[in-house]
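Worksheet for the structure shown next.
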Amino acid sequence: ITGGDPATYIVDIPGVLDDGTGTWVFTSDPLDPATGTVFTVTDGEGCGPAMSTIDPFVCPVLTYSGTVDLEPLIVCEDAVLTIVPNGNEILDDDDVLSFVIHDNPASTLGIVYYVNNIPTWDVTTDLDLPGTLSYGVTYYVSAVAGDDDGGGMVNLGNPNISVSQGTPVVFIESPEADINGGGTICEGETVEVFIDFTNAAPWTFSYQLDGLPVGGIEITDIAVSPYVIDASVAGSYTLVSVSSNGCDGSVSGNADVIVNPLPTGSLSADGSFCEGSSYDLNIDLTGTPDWDVTIGHDDGDGYITFSTQTYAATPGVFTVTDSLLWFVDSIEDGNGCVNDADGLPVVVTIDPLPTATYTFADTSLCTGSAVDLFIDLTGSGPWTLAMTNAGIAESLIANTSPYTLTVTAGGDYVIDQVTDDNGCLIIVNNILTVSETPILLVDAGADIELCSGDTGIIGTADNPAYSYEWDPAEGLDDNL
């Protein structure tokens with residue numbers, strides 16, 4: 001304001017009049033530019049007044065929120081949410097910069113959930129999850145510039161606020177994993193071990209077997225719960241860690257797997273038995289009682305038969321009455337474990353029963369002489385002959401066949417039984433009778449004297465059962 005009497009200047013609208021540095025300046029209180037204003041200045045000299053008109057106008061908005069890093073964020077439930085403003089905001093003197101969590105991906109605010117004057121929230125203490133916000137939903141964090149609401153935050157009701165495009169944010173609830181299942185199986189089988197997950201997939205987990213390996217065995221990108229491990233190795237299965245979308249979680253549980261070995265059975269060595277008897281095969285068994293053992297028999301003609309017996313203890317005894325190949329076909333023990341692998345076969349042979357027969361019929365001998373009896377033997381020598389010879393029991397060893405038995409007395413020679421080298425015995429009761437003829441004593445008669453040319457009779461009466469021989473025979477006529 002110039003001219004007039006500065007000491008008596010009067011301005012008809014509210015404001016402050018200041019002489020500054022020799023130039024009088026009037027600063028009005030804030031005006032509404034939309035309505036315009038007319039004001040006058042007068043002084044004490046009565047000259048004037050001076051008038052000024054401000055037409056309605058729209059103030060230019062220079063406030064700018066700037067931009068933020070738009071790289072999507074995955075934020076765990078126990079983490080801190082921090083976005084990165086790029087520092088390119090423009091603020092008036094009465095502007096502030098705030099940060100808003102809302103649900104609109106554009107450069108306008110949707111539903112506003114949280115406002116902060118720094119781009120950071122502690123998820124655990126500053127945010128309500130689940131509740132105000134939900135896990136797995138995409139939210140946006142925008143920078144907002146505008147007038148201070150008096151509490152240090154942007155007045156979001158002011159139409160001239162500036163909103164940046166928001167950083168996409170998804171809050172992830174920490175996963176949980178529980179391992180369970182397992183059980184008792186037989187060698188060669190598997191049992192299912194389950195890992196149950198909670199919260200959002202995909203999951204990554206690590207597990208150990210009996211505490212090994214130290215860092216665990218890692219399985220990644222699991223999309224479906226439960227995850228199943230087909231376990232075949234005995235031990236205790238435990239979890240080491242679980243994570244989902246980069247968020248670590250908690251683990252629990254254990255699964256024990258017991259693997260029972262398959263039962264085995266081995267037959268005793270090859271053997272033989274005597275015709276008409278039987279042979280006991282011992283079966284050495286491993287596993288848990290009771291055992292159901294199936295034994296196979298190959299008769300050599302391509303025909304195989306099977307027989308099953310139950311044993312409560314080892315070794316078991318399997319009695320056979322036939323020859324050739326025998327083998328363990330399968331075993332099921334008390335744990336229900338079955339071993340179908342054929343065992344090593346054994347060969348069982350049948351030893352034929354020995355025989356003992358005389359080579360000729362009844363015979364005789366003269367008293368004081370001897371006769372040889374011949375006995376044909378079959379089977380495996382040497383043989384033991386139990387005999388009753390002329391009423392006397394004897395045990396004889398025959399090393400070869402035929403066996404020669406020299407007898408010097410008459411009587412019944414009875415082969416009672418014979419046992420061969422295989423231990424096979426048979427009752428024979430084979431009898432050969434030896435008749436003993438006593439030595440004949442013949443009296444030639446009394447001595448006689450004859451004249452030359454005469455004849456006479458010497459000797460005894462003739463017995464047609466005997467034959468006679470004289471010595472010397474010259475001059476004798478035994479036809480008389």
Side-chain angles (χ1 to χ4, degrees), residues 1-70 81-121 126 140-167:
I1 301 174
T2 62
D5 182 9
T8 60
Y9 285 155
I10 297 174
V11 181
D12 65 354
I13 64 173
V16 175
L17 184 63
D18 186 3
D19 67 352
T21 59
T23 300
W24 290 86
V25 175
F26 175 79
T27 303
S28 71
D29 290 346
L31 303 174
D32 183 1
T35 61
T37 300
V38 176
F39 63 91
T40 61
V41 180
T42 61
D43 63 3
E45 294 180 349
C47 298
M51 182 179 294
S52 179
T53 300
I54 301 176
D55 295 327
F57 68 96
V58 177
C59 293
V61 178
L62 301 179
T63 300
Y64 176 52
S65 66
T67 58
V68 295
D69 188 344
L70 298 180
L81 165 61
T82 298
I83 68 162
V84 180
N86 292 321
N88 54 350
E89 69 273 7
I90 300 173
L91 303 178
D92 290 336
D93 290 341
D94 58 353
D95 287 342
V96 292
L97 185 66
S98 295
F99 299 91
V100 178
I101 300 177
H102 63 102
D103 66 353
N104 193 347
S107 296
T108 57
L109 295 178
I111 298 174
V112 174
Y113 298 103
Y114 290 94
V115 181
N116 203 1
N117 58 4
I118 59 174
T120 298
W121 287 266
D126 298 336
Y140 301 89
V141 181
S142 296
V144 180
D147 292 340
D148 191 331
D149 66 358
M153 301 291 185
V154 170
N155 181 0
L156 298 180
N158 191 309
N160 295 320
I161 61 174
S162 173
V163 179
S164 73
Q165 186 175 350
T167 302

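By the 4.5 Å heavy-atom criterion applied to side chains, Val11 and Phe39 are counted as neighbours. Side-chain contact between Phe26 and Val16 is absent, with no heavy atoms from C-beta onward closer than 4.5 Å. Residues Ile1 and Val25 form no side-chain contact, since every pair of their non-hydrogen atoms from C-beta on lies 4.5 Å or further apart.
Checked by atom type and distance alone, the side chain of Asn104 pairs as donor or acceptor with a backbone atom of Ala106 at under 3.5 Å. Remark: the backbone N or O of Asp94 is not paired with any side-chain donor or acceptor of Asp92 at under 3.5 angstrom. Looking only at distances, no side-chain donor or acceptor of Asp5 sits under 3.5 Å from a matching main-chain atom of Tyr9. Of the possible donor and acceptor atoms, one in the side chain of Asp103 sits under 3.5 Å from a partner among the backbone N and O of Ile111. With hydrogens and angles ignored, the 3.5 Å screen pairs no side-chain donor or acceptor of Thr37 with any backbone N or O of Ile54. Ser164 places a side-chain N or O within 3.5 Å of a backbone atom of Ala143 that can act as its donor or acceptor partner.
Rounding to the nearest 0.5 Å places CD1 of Ile161 at 5.0 Å from CG of Leu109. With rounding to the nearest 0.5 angstrom, the CG atom of Asp69 is 9.0 Å from the CD1 atom of Ile83. For the atom pair Met153 CE and Asn155 CG, the distance stands at 12.5 Å (nearest 0.5 Å). Atom OG of Ser162 sits about 7.0 Å away from atom OH of Tyr64, to the nearest 0.5 Å. Rounded to the nearest 0.5 angstrom, Ile90 CD1 and Thr63 OG1 are separated by 9.0 Å. One distance of note links CG of Leu31 with CG of Asp29; it measures 7.5 Å at 0.5 Å rounding.
Each of Asp149, Asp147, Val144, Asp148 was scored for a side chain to side chain contact (heavy atoms under 4.5 Å, CB included) with Val96, with one residue passing: Asp148.
Minimum interatomic distance between Gly66 and Asn88 (heavy atoms only, all atoms of both residues): CA-OD1, 3.2 Å. Looking at every heavy atom in both residues, Gly166 comes nearest to Tyr140 through O-CD2, 3.9 Å. Listed here is the closest heavy atom pair of Ala145 and Ser65: CB-CA, 3.6 Å. The two residues Gly44 and Thr8 make their nearest non-hydrogen contact at N-OG1, 2.5 Å. Residues Asp55 and Phe57 come closest through the heavy atom pair O-CD2, 3.3 Å. Taking all atoms of both residues into account, the shortest heavy-atom contact from Thr82 to Thr120 is OG1-OG1, 3.4 Å.
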Full working for side chain to side chain contact (heavy atoms under 4.5 Å, CB included) between Leu156 and Val115: CA-CA 10 Å; Leu156 298 180; Val115 181; 3.9 Å; yes

Worked verdict on Thr67 versus Gln165 for side chain to side chain contact (heavy atoms under 4.5 Å, CB included): CA-CA 7 Å; Thr67 58; Gln165 186 175 350; over 6 Å; no

Show the numbers, then the answer: is there a side chain to side chain contact (heavy atoms under 4.5 Å, CB included) between Ile101 and Leu81? CA-CA 11 Å; Ile101 300 177; Leu81 165 61; 4.0 Å; yes

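The stretch residues 82-114 participates, sequence neighbours left out, in these ring-ring contact (aromatic ring centres under 6.0 Å, His included) pairs: Tyr113-Tyr139.
Looking only at atom types and distance, the side chain of Asp12 has a donor-acceptor partner in the side chain of Thr40 under 3.5 Å away.
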